[in-house]
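Shown next, in structure tokens, is the structure this report addresses.
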There are 2 protein chains.
Amino acid sequence: MKIDVTQHLTLGAKRTLKAFRLAMFEALSEKGFDKITVNDICKKSEYPRATFYNYFDDKFDLLQYLWSYIGKDILDKIPKNGDEEDGIVKIFNLLLEFFNDHQELLINITKNNGSDSHLWHSMSGYLRHEANILIYNYCKENNQVKVPVKLLARFYSDLIIAVLEWCLFEQPDIDVDTADEYLISLLNGGLNA
Amino acid sequence: MKIDVTQHLTLGAKRTLKAFRLAMFEALSEKGFDKITVNDICKKSEYPRATFYNYFDDKFDLLQYLWSYIGKDILDKIPKNGDEEDGIVKIFNLLLEFFNDHQELLINITKNNGSDSHLWHSMSGYLRHEANILIYNYCKENNQVKVPVKLLARFYSDLIIAVLEWCLFEQPDIDVDTADEYLISLLNGGLNA
DNA sequence: GTTGTATTTTGACAGTTGTCAATTATTTTA
DNA sequence: TAAAATAATTGACAACTGTCAAAATACAAC
């Protein structure tokens, strides 16, 4: 991003950001992400290309911003500290719940794009990153493990995303209890669980 | 890829593929992947752009092909079946060994690109994919686990890449035994290990 | 309200991308 | 070896990308 959205934004900047956000969201419901051009976004938002590049590096950058905007809703619900295992399961359940509550978003993500598309990769990458930060905070107090905390947090966030992807794309009709069972099984070691 | 490199290739096709492979490899040692253009590759290989597009969709596609070409060396060494845990550790050790033996490759990957760059993501994505196929074959006989085999294999390949990345970028002077310890700890459940 | 400053918007540009039908080279067959 | 068939190469094209310095707008202080 060319600007810092965590700082104070002028009315104009807010208006423009919103227009680009909505334009991308609309475009995503119409065609695959790789077919969407910056020109498409600019036509929809009625801004010239140069304005787009005042805010974003490219269309990937806008997508990233879109996820972070949507993601605020989920992240606010997650407790900032607590027990490791509980925290991990909690994050996972909130993510699963979020996608159940936003079926239409998931449909847009998969409609014109495969589950291996850039679109899902970009979103899951964002979620993994945010989960990683939260989990690192859960883990950093715990010095009893043999493994470096940063690696441990990475391991947990990878796991959450893996099970989430499984539930969304491979077994969409799964119930929460079974999903949690999968997660906890792997959390406690895949082999002997 | 526009052509199937597993099928028989004519002399001309082999010659051209090699030229593009070498051109990309050389370009990577000179600048960051995102700064490399198809034009650069074509200048180096002395082929016109249109020829490039007869073989590859884009520069990402060529990169993918480059990894698969380089990766043949590693993959051939890995036993095609065996015990789960042993197999996973074996794959991990071969990957670690490979990068120790090819320091200059790793340097090229990191020199003009961060560890979070497209370049490493592309390579690790390829390795994860290949590891996943091998591990799936190890696991598919084992019906005693609660978790779907496909998810289990995904979990293991994610884990291998996570520990590999840790060893290459966060703790480059790590010894193999410590690395294996990390891997096995996480394999047996991060929390109670 | 006017002035000056900072921010946002803009059109135009040079370079890059991916595709096409036409050309050239290579291999196969007779 | 010559003709036919197949495969590889090519230049030219239209569309897209990202950047710039100039213009327009919003905002603050007086």
Side-chain angles (χ1 to χ4, degrees), chain A residues 1-24 26-28 30-66 112-113 117-119 122, chain B residues 1-24 26-28 30-66 112-113 117-119 122:
Chain A
M1 290 214 63
K2 299 271 176 68
I3 63 157
D4 184 354
V5 287
T6 63
Q7 295 298 105
H8 171 77
L9 296 175
T10 64
L11 264 179
K14 278 190 202 169
R15 179 167 19 91
T16 314
L17 278 171
K18 186 177 184 179
F20 284 133
R21 225 167 45 219
L22 293 175
M24 175 58 98
E26 193 187 332
L28 282 175
E30 290 168 7
K31 47 171 144 172
F33 178 71
D34 38 327
K35 297 287 171 202
I36 296 172
T37 68
V38 175
N39 283 328
D40 292 337
I41 302 295
C42 291
K43 234 174 243 164
K44 278 188 196 296
S45 59
E46 296 178 293
Y47 278 98
R49 302 173 44 69
T51 303
F52 178 91
Y53 286 106
N54 286 332
Y55 290 87
F56 304 103
D57 295 321
D58 44 40
K59 63 172 182 168
F60 302 96
D61 201 26
L62 166 55
L63 192 63
Q64 202 66 17
Y65 165 67
L66 186 60
N112 305 305
N113 307 275
S117 75
H118 185 92
L119 201 47
S122 160
Chain B
M1 288 212 63
K2 299 272 176 68
I3 63 158
D4 184 353
V5 287
T6 63
Q7 296 298 106
H8 170 77
L9 296 174
T10 63
L11 266 178
K14 279 189 203 170
R15 180 168 17 93
T16 313
L17 279 171
K18 187 178 184 178
F20 284 132
R21 225 164 47 216
L22 293 175
M24 175 57 97
E26 193 187 331
L28 283 175
E30 290 168 9
K31 47 171 145 171
F33 178 72
D34 38 327
K35 297 286 171 203
I36 297 172
T37 68
V38 175
N39 283 328
D40 292 338
I41 302 294
C42 291
K43 236 173 241 165
K44 279 188 195 295
S45 59
E46 296 178 292
Y47 278 98
R49 303 174 42 69
T51 302
F52 178 90
Y53 286 106
N54 286 332
Y55 290 86
F56 304 103
D57 295 323
D58 45 41
K59 62 172 183 168
F60 302 95
D61 200 25
L62 166 55
L63 192 63
Q64 201 68 18
Y65 165 67
L66 187 60
N112 305 304
N113 307 274
S117 73
H118 185 93
L119 200 47
S122 161

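In what follows, every chain begins at residue 1, and chains take the letters A, B, ... in the order their sequences are listed. When reading the values below, keep in mind they use all heavy atoms of this one structure, side chains included, and skip hydrogens, waters and symmetry mates. This structure is a prediction, so every number in the text was calculated from the model and none was measured.
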**Request:** Ignoring backbone atoms, test whether B/Thr10 places a side-chain nitrogen or oxygen under 4.0 Å from the OP1 or OP2 oxygen of C/dT27.
**Result:** no

**Contact list for DNA chain C against residues 31-39 of chain B - heavy-atom distance below 4.0 Å** = B/Thr37, B/Val38, B/Asn39

Sub-3.5 Å pairs of nitrogen or oxygen atoms, protein against nucleotides 4-6 of chain C:
none

**By ring-ring contact (aromatic ring centres under 6.0 Å, His included) - contacts of B/Tyr53 (at least two apart)** = none

**Request:** Evaluate side-chain contact (heavy atoms from CB on, under 4.5 Å) for B/Lys2 paired with B/Asp57, printing each intermediate quantity in order.
**Result:** CA-CA 7 Å; B/Lys2 299 272 176 68; B/Asp57 295 323; 3.1 Å; yes

Would you mind reading off the distance between [X] atom [atom1] and [N] atom [atom2], rounded to a whole angstrom?
| X | N | atom1 | atom2 | answer |
| --- | --- | --- | --- | --- |
| B/Lys14 | C/dA25 | NZ | P | 22 Å |
| A/Asp40 | D/dA15 | CG | P | 13 Å |
| A/Asp58 | D/dT19 | CG | C1' | 14 Å |
| A/Tyr53 | D/dC16 | OH | P | 11 Å |
| B/Leu11 | D/dT6 | CG | C1' | 15 Å |
| A/Lys59 | D/dG18 | NZ | C1' | 14 Å |
| B/His8 | D/dA7 | NE2 | P | 10 Å |
| A/Lys2 | C/dT7 | NZ | P | 17 Å |

**Item:** Non-neighbouring partners of B/Asn39 that pass side chain to side chain donor-acceptor pair (under 3.5 Å), sequence neighbours left out
**Value:** B/Arg49

**Request:** Please name all residues satisfying side chain to side chain donor-acceptor pair (under 3.5 Å) with B/Thr51, sequence neighbours left out, ordered by chain then number.
**Result:** none

**Item:** Nearest heavy-atom neighbours spanning B/Ala19 and B/Ser45
**Value:** O-CB, 3.8 Å

Extract from the structure each pairing of a protein N or O with an N or O of nucleotides 9-11 of chain D at less than 3.5 Å, listing the distance.
{"residue": "D/dT9", "atom": "OP1", "partner": "B/Thr16", "partner atom": "OG1", "Å": "2.8"}
{"residue": "D/dT9", "atom": "OP2", "partner": "B/Tyr55", "partner atom": "OH", "Å": "2.9"}

**Pair assignment for DNA chain D - dot-bracket with | for other-strand partners, Watson-Crick or G-U under 3.5 Å** = ||||||||||||||||||||||||||||||

**Request:** Applying side-chain contact (heavy atoms from CB on, under 4.5 Å), name anything that partners B/Lys43, two or more places apart in sequence or on another chain.
**Result:** none

**Item:** Residues that B/Asn54 engages under side-chain contact (heavy atoms from CB on, under 4.5 Å), provided they are two or more places apart
**Value:** none

**Message:** Within the structure provided, determine whether A/Leu28 and A/Ile36 are in side-chain contact (heavy-atom separation under 4.5 Å).
**Reply:** yes

**Message:** Within the 4.5 Å heavy-atom criterion, are A/Leu17 and A/Phe56 side-chain neighbours or not?
**Reply:** yes

**Asked** With sequence neighbours left out, which residue pairs that include part of residues 30-41 of chain A fulfil the salt bridge (charged side-chain N to carboxylate O under 4.0 Å, His left out) condition?
**Response** A/Glu30-A/Lys44, A/Lys31-A/Asp40

**salt bridge (charged side-chain N to carboxylate O under 4.0 Å, His left out) partners of residues 13-23 of chain A, not counting sequence neighbours, each pair once** = none

**Prompt:** Relative to the ring of A/His118, is the ring of A/Phe33 parallel (under 30°), tilted (30 to 60°) or perpendicular (over 60°)?
**Reply:** parallel

Below 3.5 Å, can you tabulate the donor-acceptor pairs from side chains in residues 3-12 of chain B to any protein atom, sequence neighbours excluded?
{"residue": "B/Asp4", "atom": "OD1", "partner": "B/Thr6", "partner atom": "N", "Å": "2.9"}
{"residue": "B/Asp4", "atom": "OD1", "partner": "B/Thr6", "partner atom": "OG1", "Å": "2.5"}
{"residue": "B/Asp4", "atom": "OD2", "partner": "B/Thr6", "partner atom": "OG1", "Å": "3.3"}
{"residue": "B/Thr10", "atom": "OG1", "partner": "B/Ala13", "partner atom": "N", "Å": "3.2"}

**Asked** Roughly how far, to the nearest 0.5 Å, is OH of A/Tyr55 from OG1 of A/Thr16?
**Response** 3.5 Å

